[in-house]
Structure formats: structure tokens, C-alpha cells
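Below: the structure, in C-alpha cells.
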Amino acid sequence: MPLRWWVALIISGLGIAAICLRVFEDEGARAKRAERNKKKELRSLAERIASYGHAVHQQYPTGDVIVSEADLAEQFRKRPDAVATALNLLLSQQKIQRAPLKGYWKLNV
């Protein structure tokens with residue numbers, strides 16, 4: 001058999017094995033995987049928000065960067081509760097502070 005057929009056969013076998021592992025995993029493993037994916041997505045969103053704050057601060061270096069939860073949710077196309085959770089994650093890392101108005105945050109840049 002030519003080499004490319006062997007490579008195709010090995011890749012197909014690995015793909016089938018990965019699919020079987022996913023199909024036959026138990027509920028506990030699915031829940032753990034879903035939780036890991038959710039945490040990873042929240043960390044990613046928090047980093048995107050922090051990067052956005054730094055970009056705005058570079059554009060307007062003399063002022064504070066104040067953002068709204070609703071505006072961030074619209075800009076990043078995420079649900080407002082996901083944005084609020086990501087902002088609370090940034091708050092625990094002391095990268096942001098609560099602004100005096102409800103729903104607004106001051107980014108520490």
C-alpha cells in the first residue's frame with residue numbers, strides 16, 4: 001500500500017477513536033468538560049475586556065476608562081450575565097473597580 005493510504009488510515013482511525021471516546025463518556029466527564037469550557041470562555045472574555053480597556057486608554061491617555069456592562073455585552077456579542085461574571089473575575093484580579101453608577105466599571109490601566 002502506498003504511504004498516503006497508510007497515513008489516511010491512521011488519521012481515520014484516530015478520528016473514529018476520538019468520536020467513540022466522546023460518545024461513550026459518562027455524565028460526570030461531560031459535566032467536567034462543560035465546566036472547563038465555560039471557565040476557559042470566561043477567562044478569554046475577561047482578557048478581551050482588559051485588552052479593550054488598554055486600547056481605549058491608548059487612544060485617550062488622559063482620562064479614565066469607564067465601561068458599561070450593556071455596551072460590552074453588545075460589543076463582544078455575549079450575554080450580559082456572562083459579561084458581568086467576566087467583570088467580577090477581573091475585579092478579583094484587581095484589574096477593574098466598580099464605578100459609582102450601577103452597571104459601570106472603571107478599568108485600571
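Only heavy atoms go into these numbers, but all of them, side chains included; no hydrogens, no water, no symmetry mates. Just so it is clear, the model here is predicted, and its values are computed rather than measured.
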Which distance, rounded to the nearest 0.5 Å, do you find between the OH of Y104 and the CZ of R98? 15.0 Å
Quick check: are there more than 12 heavy atoms from other residues, nucleotides or ligands sitting under 6.0 Å from CD of Q75? yes
If you measure from CD1 on I11 to CZ on R4, what distance do you get to the nearest 0.5 Å? 13.0 Å
Rounding to 0.5 Å, atoms CG (L72) and CZ (R48) come to a distance of 10.5 Å
Are a donor atom and an acceptor atom from the side chains of Q94 and N108 found within less than 3.5 Å of each other? no
Distance, nearest 0.5 Å, that separates CZ of R43 from CG of L90: 12.5 Å
E35 bridged to K32 by N-O distance under 4.0 Å: no
Does W5 share a hydrophobic cluster with L9, counting links as ILVMFWY side-chain heavy atoms below 4.5 Å and allowing steps through other members? yes
Do the side-chain N and O atoms of W105 and Q97 include a donor-acceptor pair separated by under 3.5 angstrom? no
Can you tell whether the side chains of E47 and K95 come within less than 4.0 Å, N to carboxylate O? yes
Decide yes or no for N88 and T85: does some side-chain heavy atom of the first lie under 4.5 Å from some side-chain heavy atom of the second? no
Atom CG in L45, atom NZ in K40: separation rounded to 0.5 Å? 14.5 Å
In terms of heavy-atom contacts, does CD of Q93 have more than 12 from other residues, nucleotides or ligands at under 6.0 Å? yes
Using the rule that Ile, Leu, Val, Met, Phe, Trp and Tyr join whenever any side-chain heavy atoms are under 4.5 Å apart, tell me whether V67 and L91 fall into a single cluster. yes
Tell me whether F24 shares a hydrophobic cluster with I19, the cluster being built from Ile, Leu, Val, Met, Phe, Trp, Tyr side chains joined at under 4.5 Å. yes
Are L107 and L42 connected into the same hydrophobic cluster when the rule is that any two of I, L, V, M, F, W, Y join if their side-chain heavy atoms are below 4.5 Å apart? no
List the steps and the verdict of side-chain contact (heavy atoms from CB on, under 4.5 Å) for E69 and L87. CA-CA 8 Å; E69 290 178 12; L87 288 168; 3.6 Å; yes
Hydrophobic clustering (ILVMFWY, side-chain heavy atoms < 4.5 Å, transitive) - are Y60 and V65 grouped together? yes
Straight-line distance of H54 NE2 to I49 CD1, nearest 0.5 Å: 12.0 Å
